[in-house]
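All residue numbers refer to positions in the sequence shown, counting from 1. Source: prediction; values computed, not measured. Excluded from the calculations below are hydrogen atoms, water molecules and symmetry mates; all remaining heavy atoms, backbone and side chain alike, are included. Numbering of ligands and ligand atoms starts at 1, following listing order.
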Amino acid sequence: MVRPLDLGIFLPNAKGGAIMATGSPPQYYPTWDLNRKNALIAENAGFQFLLSMVKWRGFGGETKHWDYSLESFTLMSAVAAVTSRIQLYASVAIPTVHPAVIAKMTATIDDISNGRFGVNIVSGWNKLEYSQMGLWGGDEYFKRRYEYATEYLTILRALWREERVNYKSDFFSLDDCKSYPKPSREIPIICAGQSDRGIQFTAEHADYGFLGGQDDSLEDLGRLNSKLLGVADGFGRKVGAYVLLTVIADETDDKAKARRDFYIETSDKEAMAEWARVAGMDFSRATYKDLAVQTFMAIPYVAGSYQTVADYLDGLAENGIAGVCFIFPDYSKDLQLVVDRVLPLMKRRHALQPQAVPA
Ligand SMILES: Cc1cc2nc3c(=O)[nH]c(=O)nc-3n(C[C@H](O)[C@H](O)[C@H](O)COP(=O)(O)O)c2cc1C
């Protein structure tokens, strides 16, 4: 049986989202007002989750891409207060904050949200984000980042479950550490690591992982999904695979593709060069296809008519993907457009009616 696809939103909490182009859209400032409106549209349409990212440094350029971002936990705390049914995830960059602090922030938002909160574990890839505050552990840290993440999550779970925690290692020292209140449930954990080691961490410790790059076909995503589920099975665990997806939907395939091409033609070369530099990528002899990869930040996208997008989403579910997390070029109107025009055409979706508000 094909399971209906979970639907989520990658909230617009960092300037420019995941499209490195100079126009407006896709450029926007990440205001509370914009995030609140998208959160409420998604909840009212019956979406399953909202995720915000954590970002401490952007890529500059004409667009100042990601230079402005709202902090993830404080943002989701506010989102928790204005929503009542949808699952919420904040992201923590684990080199920046001790797990005892995150344990308590999580318990706080679990209470505010009435048990709807989860955590996305970000091990950190952009050295400059952390070295600018003296928090980069060097190349050695990067090699060992999922070892660090494993200990970090072990400590979080211990603080959420146990009365007192004692823990000593190369990375941490907890001495009779207490954390109350305890969260009301097991906190769901996401990890979006893409490397073999990241995928192994997800399979062994997390509840949901993200998979897929821009060139992956639906069948490729199906194979990656089977691989992730197979590794998790080896650990005696069940994990759900999500796909982060930029959606450009319009009346016709041609109109949507024209919008996609426009973003590629107006891409912010300076910000893209800085992204490439800090990520250690070489785009110096980029072809048009490479330009698309860079403009859409290597994230999978679908550009097509409402029916094309609906069919693509059904295809994800039919290839075993548990859920999709949407990115939009224009958060001021694209989510409502997808709710009104795309979702009614999908076969593999949850019922769209809002669920009953819990008492
Ligand atoms: C859905 C999704 C959300 C992510 N959120 C963040 C984030 O909030 N902050 C960040 O620095 N990196 C984020 N990343 C990057 C991942 O955490 C990870 O560093 C990246 O995919 C590289 O994987 P690796 O660590 O296995 O090499 C995200 C990636 C995806 C696909």
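- Under 3.5 Å, the side chains of Thr308 and Asp253 contain a donor-acceptor pair of N or O atoms.
- For the 3.5 Å distance criterion, the side chains of Lys104 and Thr106 fail to qualify, holding no donor opposite an acceptor.
- Between Tyr89 and Phe10, the ring centre distance reaches or exceeds 6.0 Å.
- Atoms of ligand 1 lying under 4.0 Å from any heavy atom of Gly198, numbered from 1 in the order shown and given with element: 26 (O).
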Discussion item. Pair Tyr28, Tyr68 - check ring-ring contact (aromatic ring centres under 6.0 Å, His included), show working.
Written reply: CA-CA 10 Å; Tyr28 59 83; Tyr68 296 70; over 10 Å; no
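- Residue contacts with ligand 1 for Val54 involve both N, CA, C or O and side-chain atoms from C-beta outward (heavy atoms, distance under 4.0 Å).
- Protein heavy atom in closest approach to atom 7 (C) of ligand 1: Val122 CG2, 3.5 Å.
- Shown here, atom 24 (P) of ligand 1 is in close reach of the protein: a heavy atom of it lies under 4.0 Å off.
- Considering backbone and side-chain atoms alike, Tyr146 places an N or O below 3.5 Å from some N or O of ligand 1.
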Discussion item. If you apply the rule side chain to side chain contact (heavy atoms under 4.5 Å, CB included), what do you find for Ile321 with Leu211, and how did you get there?
Written reply: CA-CA 9 Å; Ile321 303 299; Leu211 47 81; 4.0 Å; yes
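- By heavy-atom distance, the residue among Gln194, Met53, Lys55 lying nearest atom 22 (C) of ligand 1 is Gln194.
- Residue contacts with ligand 1, taken as heavy atom pairs separated by less than 4.0 Å, involve Ser91 solely via side-chain atoms from C-beta onward.
- Within ligand 1, counting atoms from 1 as listed, the ones closer than 4.0 Å to a heavy atom of Phe210 are 1 (C), 31 (C).
- By the criterion of a heavy-atom distance under 4.0 Å, the side chain of Asn120, and not its backbone, is placed next to ligand 1.
- Residue Ala192 has at least one nitrogen or oxygen atom sitting less than 3.5 Å from a nitrogen or oxygen atom of ligand 1, judged on distance alone.
- Between Tyr148 and Tyr141, a ring centre-to-centre spacing shorter than 6.0 Å is recorded.
- Ligand 1 has at least one atom lying under 4.0 Å from a heavy atom of Arg145.
- Ring-centre distance between Phe49 and Phe47: not below the 6.0 Å cut-off.
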